[in-house]
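Labels below follow one simple rule: chain letters A, B, ... track the order of the sequence lines, proteins then strands, and each chain is numbered from 1.
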Number of protein chains: 2
Amino acid sequence: MQSKAASRRGRGEPPVRQAEEAAATVSDQEIYDRIVTSIMEHRLPPGTKLGEDKLARIFGASRARVRQVLARLALERIVVLQPNRGAFVAEPTVEQAREVFEVRQPLEALVVRRIIARRDPGLIARLRAHVAAEEAAREARDRRAIIRLSGEYHVLLAELSGSSLAAGLMRELASLTCLIIFLYDAPAVPACRDEEHAEITQALADGDEAAAIRLMAEHLDHVEACLDLSRGAAQELDLDAALAG
Amino acid sequence: MQSKAASRRGRGEPPVRQAEEAAATVSDQEIYDRIVTSIMEHRLPPGTKLGEDKLARIFGASRARVRQVLARLALERIVVLQPNRGAFVAEPTVEQAREVFEVRQPLEALVVRRIIARRDPGLIARLRAHVAAEEAAREARDRRAIIRLSGEYHVLLAELSGSSLAAGLMRELASLTCLIIFLYDAPAVPACRDEEHAEITQALADGDEAAAIRLMAEHLDHVEACLDLSRGAAQELDLDAALAG
DNA sequence: TTTTTCTAAATTGTCGACAATATAATGATT
DNA sequence: AATCATTATATTGTCGACAATTTAGAAAAA
C-alpha cells in the first residue's frame, strides 16, 4: 500500500504513537484524552481517517470502546462520522471557523468577568504557572506543545471561572480552534500571540476587568486575523497538487 | 417493505409483535427526539430513571442502540449517567441553572445580531408561524406544548441565524432550560413571557437591532426572575405513559 | 490505453450473550 | 423489634461474532 513516504502527505498512516501496546485496562477517558491531545498537537491532521479496528489495536481496547469514544468526539464536532464509511478528523470550513470565533468572543468575556469577580489569588497562581509552561515550550521550540498549551490556557481559564458549563463549551471550542489554526494558518503564526496570555493574566491579577476583557477580545481578533480565511483549506491545495502531477 | 402495520400508531404501547418490526425502522435520531421531546414537555420529570432494558422494549430497539442515545443525552447534560447505576433525567442544581442563563444571555444576543444582519423576510415569516403555534397552544391550554414550543422558539432563532454552532449550543441550552423551569418555577410561570416572543419577532422584522437585543435580554431576565431557588421536586412516573405519543 | 463490470477484501453497523456490579429480599443475630 | 449479614434478583458494562456496506483490485470490453 504505502509505496512512497512523500506521497502520503495528506492522509496516510495515523501519527499516533504505537509505543505502549495492549496494557491491561485503558479507560475511555484515556483513549479520549490521547486522541484529543494528538489532534490538538496536530499529530492527527484534519481529514485523517480514524479506523475503529486500527485504534482498538493501538490502545489495546475493544472496538466497542473505541466506537463510543469516536461518537463522543463526533458530538463535540472534533470528528466527523460518515455513515458506513468511518470516522475522520474534522475539517472545519471557513464558515465554521468564523462561527467558532464568533461564539468564543462573548464566551471568553463571560469567563473573564467571572474570574475577576472571584478575586482568588491561588487562581492567579495557577494561571501564571500555565503561562510559564507555555513560555518553556516556546523556548524549547516545541511547536506542538505550544499549540496545545495555547488552547489549554483558555480551557483552564474557563475551568477556574467556576462555570462547568462554560468550561465544557470552551473545551470543545478550543479543540476546534486548534484544527482551524492547522487548516488556515499562515506559517508565521505563533508570533501573533506570544505575550498576550501573560498580559491577560496580569490584567486579571490586577482586577482590571475592562483591560482584561479588551485584551482578550484583541487576542482573539489577532488569532483570527492571522488566519487566511479568504481561500479554501490547505487540504484542497494538496488535492490540486496531486492531480496536477 | 410493507408499512401498513406501521400506520396504526395508537397511544397504546408497542406490543411484542410491533416491536419486532419497529426495530428495523426506528432510527437513533427518532429515539433521541422522542426522549428529548418528552423531557421538554415534562412528561419525563428530572430524576426519572431511564432503564436501558425498559427503553429498549418501549422503542422496540436493541439495548445497544438505546445505550448510544443515552450517552449522547448525557454529553448534552440533559441526562446524567451514574456508573453501574444507570441513566437519570438530569436535575440541574441552582448553580447550573444560573450558569445556563449566564451563557444563554450573550449567545442569544449573538443570534439576534446575525438575524438582523440577514434581513431575510422569509425568515421572519417562519418566526411568525412559530409564534402563532405558540399562541394556539396557549389558547388550547396545552401547557406541555407551550413549554416545549417556548424553548423551540429560541432554537429556531439560532437555526435561522445561520450558525450551526450556535444552533447546536442553543438546542442543548434550551433543553436544559426546560428542566430548570420544571424544577424551580413557580406555578404561575408562562404568564411571565406571554407576548415577549412576538415582541422580539416584531423588532427583528423592523430591523431594530438595539430593541431586539434589549427585548431578548429582558425576556431571559424575566424567565430567570420567575425561578424559585428554594425547592426541588421529583416524582416517580412510569416510562410507558410518558413516552407514548 | 481507458472505461466498465464483477469479485474479493476490509470496514462499519448491529446484536445477543456473558461477567461485574448494584439493588432487593430474606434470614440470622443482638 | 431493629440491625446486620447473606442470598437472590435485576441492571449495567463489556466483548466477540455475524451481517451489511463500502472500498480496492482484477478481469473484461471498448
SB check A:D53 A:R63 (cutoff 4.0 Å): no

What is the distance, rounded to the nearest whole Å, between atom CD of A:Q68 and atom P of D:dC15? 10 Å

With a 4.0 Å limit, can you tell me whether B:K49 has a side-chain N or O closer than that to the phosphate oxygens OP1/OP2 of D:dT12? yes

Does anything in residues 73-87 of chain B reach DNA chain C, meaning a heavy atom under 4.0 Å, and if so which residues? B:N84, B:R85

Is B:R67 close enough to D:dG13 that one of its side-chain N or O atoms is under 4.0 Å from OP1 or OP2 there? yes

Classify the side-chain pair B:H154/B:R104 by whether it contains a donor and acceptor separated by less than 3.5 Å. yes

Return yes if a side-chain donor-acceptor contact under 3.5 Å exists between B:R148 and B:T37, otherwise no. no

Enclosure of B:R126 CZ (heavy-atom neighbours >12, cutoff 6.0 Å): no

In whole angstrom, what separates B:E52's CD from C:dG16's P? 14 Å

So, B:R171 and B:E76, do they make that salt bridge, N to O below 4.0 Å? no

Between D:dG16, C:dG13, D:dT12, which one does the side chain of A:R63 approach most closely? C:dG13

Please state how far atom CZ in B:R57 lies from atom C1' in D:dT11, giving the value in whole angstrom units. 11 Å

Please state whether the base of C:dG13 and the side chain of B:R65 form at least one donor-acceptor pair under 3.5 Å? no

Atom-to-atom span, CG of A:D53 to C1' of C:dT12 - whole angstrom: 10 Å

Nearest-angstrom distance from the residue atom NZ of B:K54 to P of D:dT12: 9 Å

Lys/Arg N to Asp/Glu carboxylate O, B:R143 vs B:E41, below 4.0 Å: no

